[in-house]
Amino acid sequence: MDAMSVAVAIDRVEKRFASLRALAGVSLQIAEGEFFGLLGPNGAGKTTLISCLAGLVRPDAGALSVMGHDVVTDYREARRRLGVVPQELVFDPFFSVRETLRIQSGYFGIRKNDDWIDEILANLDLTSKAEVNMRRLSGGMKRRVLVAQALVHKPPVIVLDEPTAGVDVELRQGLWQFVRRLNQDGHTVILTTHYLEEAEALCGRIAMLKQGHVVALDTTRNLLAGVAGQTLQLRLAGSQPLPPALGARATESDGNWIFHLAGLDEIEPLLAALREGNCVIDDLRLTQSDLEDVFLGVMQNSGSAHEGGR
Amino acid sequence: MSRGFVTLLYKEVLRFWKVSFQTVGAPVLTALLYLMIFSHVLESHVQVHGVPYGAFLIPGLVIMSALQNAFANSSSSLIQSKVTGSVVFVLLPPISYVEFFLAYVVAAMLRGMMVGVGVLAVTMWFAPLTFVAPQWILLFIALGGGIMGTLGMIAGIWADKFDQLAGFQNFLIMPLTMLSGVFYSIHSLPEFWQLVSRFNPVFYMIDGFRFGFFGVSDVAPEISLTVVMASFLAVSAATLVLLRSGYKLRS
Ligand SMILES: Nc1ncnc2c1ncn2[C@@H]1O[C@H](COP(=O)(O)OP(=O)(O)OP(=O)(O)O)[C@@H](O)[C@H]1O
Ligand SMILES: [Mg+2]
C-alpha cells in the first residue's frame, strides 16, 4: 500500500479506561476505496477505536490519521474528511430533520447544502420527514438521520458503527445500496456490525478485534477460504449415541451432532457409517460455512493468548 | 471566525429562542413580580443614593436576571447534550476549543441581554429611571453575561447529572447574585458584610451597571470594570484549559 492510497492509518494505538485495557496496541491500514469490516464481540474495542479516530477519545499511545492527516495535530483536516455514524442513538430534540442537517453542514463549514441534503434524504427514505421534529421520529428513522448527519460534508472516509441496529429490512437494503454506491464512487467505508452476513456480503477486508487486540486481519475471501466447505448437522432418533468411528469427528450441541466437511464427497461415507451403526436419522441439515464460522473459530482459537494484557 | 463557529453560535441562540417563552418570558415575569412586591412594600420608606427605591431596584433586577439566565443558558445546553449524547455532533466537526468556548459564551451573553432588555421594558414604567451613561450599562451587562456564561460552561462540563448542576446553581450562583446589592446598597450593610460583598465579583457587575443609570455607585465604575474584566479573564482562562484538556468531553 503506498502512502498516497492510505485512507486510514492506525499505528499501535493503546487506550485504557482505569484498569481496563480497551485497546492494546492496534495497528491497521485501510486503503482508499476499501469497504472494511471491523468485527468483534461486545466490548472488543471497536467503538473505542472509532472514537479515537474521530477525536472523541484520546489514545494513551499510538497515532491515527485520516487521509494523511493526524487526528490530533491536524484535527481540522482529519475531521473534515471523516464522517462517523455513532453507535448510540442520539439526537438533538430542538430541531427538525432538515434543521439538524443544515446545522451539521454549517459545523463543517458548508453554507448552502440543500441539494445534497435532499439527495441524502431521498436515499435514506426520509424526504417525507424532512420538516418533522427529531422527537417525533421512530427509532429507525432517527438512526437514518444519524447516517445522514455523517454524510452532509461528503467525507471521503465514512465510518458506520452498527448502522443497521433497529433498522427494518427494507431500509437496511436501501441503506446498503446507498453505502455501496458511495463506496463505488470512491468513498472509503468502515463498518462495524454484529450481522455477520452483512459484513460477508459487503466488506472486501475484515479485521476482527478481541479484548483490544486485532486477532484476524485478511480479505473476506481469504478468511472464508479458511473454513471452506460445509457444516452438517444431524439429530439421531431416540438420542442414540454416534458410532465410535464418527464420535471423534463431531461436536455436540443441543442434541445435534455437528460435522465440518471439507467437501460434499464426505457425506456419502458418513451416511454409510451411520447405517452400519444402525442409527436412525431424525433430522439433517447441510449449510455452507460462512463468516460466522470464521468468527467463532477465530474467537475460540485466540482464546487466552492475550488475557495477560489485562 | 470560521463558519463552524458561526453555526454553533446560531444553533445555541436558536435553541433558546425556540422556547423563548420559558427562556426569556419566564424570567421577565419573575423580575416583574419582584419589583411589584419589593417596591410596593418599601417605596415610601427607602431611598438609596438619593434615588427612590423602585428606581434603584430596577437595574439590579435587570442585571440579576441577565446573569442568572446567561448561566442557565450555557450550563443547561451543555448538560443536556451530554446527558442525551448529542454533544458528539459538536465534537465531531472541525471546531476548535476556542471557537467552542466563544460560541457558548456569546450565546449566553445574548440570552442574558435579551432577558435584561425584557425586564427593563416591563419594569421601567413603574419608576422614574434615568440613563446617565449608557456605555457602562452595555459594558457591564455584556461582561457580566460573559462571566456567567463561562461559569455555566464550567458547571455544564463538570456536572454529570442535572442535580449536580442544580447544586452549583443553588449554592453558588444564586447566593452570589442575590447577595450582591441587587436589593440594597452595600453601604446599608454592617461592616463585616460590606467586606464580604467586596469579594463578590457580582457586586461589581451590579454596582457598575447601576452607575450607568444614575451616575452614582458604591465604588467607582472604573474599579468595578477592572474587577469584572479580571474575573472574566480568570474564568475564561480556566474554561479554556478545561476545554483544551478535553475534560469530561473527550475521554
Ligand atoms: N468511556 C468509557 N469509560 C470506561 N470504559 C469504557 C468507556 N468506553 C468503553 N469502555 C470499555 O472499553 C471496552 C471496549 O468498549 P467498546 O465500546 O469499544 O466495545 P465495542 O467493541 O464497541 O462493543 P459493542 O459491540 O458492544 O459496541 C469495554 O469493556 C467498555 O466497557
Ligand atoms: Mg461499539
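Residue numbering restarts at 1 for every chain, and letters A, B, ... go by the order of the sequence lines.
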Under 4.5 Å from any heavy atom of chain B, what part of A/Glu99 do you find: side chain, backbone, both or neither?
side chain
Check this for me: A/Glu88, atom CD, are more than 12 non-hydrogen atoms of other residues, nucleotides or ligands nearer than 6.0 Å?
no
Side chains of A/Val90 and B/Phe89: does their closest heavy-atom pair fall under 4.5 Å?
yes
Measuring heavy-atom distances to chain A, does B/Ser77 have an atom under 4.5 Å in its side chain, in its backbone, in both, or in neither?
neither
Determine the option with the most heavy-atom pairs under 4.5 angstrom with chain A, choosing from B/Gly4, B/Gly246, B/Pro93, B/Gly85.
B/Pro93
In terms of heavy-atom pairs under 4.5 Å, which option from B/Leu249, B/Leu91, B/Thr84, B/Leu92 contacts chain A the most?
B/Leu92
To the nearest 0.5 Å, how far apart are CG in B/Leu8 and CD1 in A/Ile103?
9.5 Å
So, do A/Tyr107 and B/Lys11 sit near enough that their side-chain heavy atoms are less than 4.5 Å apart?
yes
Side chain from CB out, backbone as N, CA, C, O: work out which of these in A/Phe95 comes under 4.5 Å of a heavy atom of chain B, or both, or neither.
both
Please check if the side chain of B/Arg3 supplies one atom and the backbone of A/Gly106 the other of a donor-acceptor pair under 3.5 Å.
no
Where on B/Lys18 is there a heavy atom nearer than 4.5 Å to chain A: the side chain, the backbone, both, or neither?
side chain
Any idea which of A/Phe94, A/Tyr75, A/Phe17 has the most non-hydrogen atom pairs under 4.5 angstrom with chain B?
A/Phe94
Report, by ascending residue number, the residues of residues 51-61 of chain A in heavy-atom contact with chain B at a distance under 4.5 Å; give 'none' if the set is empty.
A/Ala54, A/Gly55, A/Leu56, A/Val57, A/Arg58
Which atoms form the tightest heavy-atom contact between A/Arg79 and B/Pro94, and what is the distance?
CB-N, 4.1 Å
B/Met229 atom CE, neighbour heavy-atom count above 12 within 6.0 Å
no
Take atom CH2 of B/Trp17 as the centre, draw a 6.0 Å sphere, and report whether it contains more than 12 heavy atoms from other residues, nucleotides or ligands.
no
Less than 4.5 Å to any heavy atom of chain A: does that hold for the side chain of B/Ser81, its backbone, both, or neither?
neither
If I measure from the heavy atoms of chain B, does A/Phe91 come under 4.5 Å with its side chain, its backbone, both, or neither?
backbone
Who in residues 140-165 of chain A is close to chain B, using a strict under-4.5 Å heavy-atom cut-off?
A/Leu146, A/Gln149
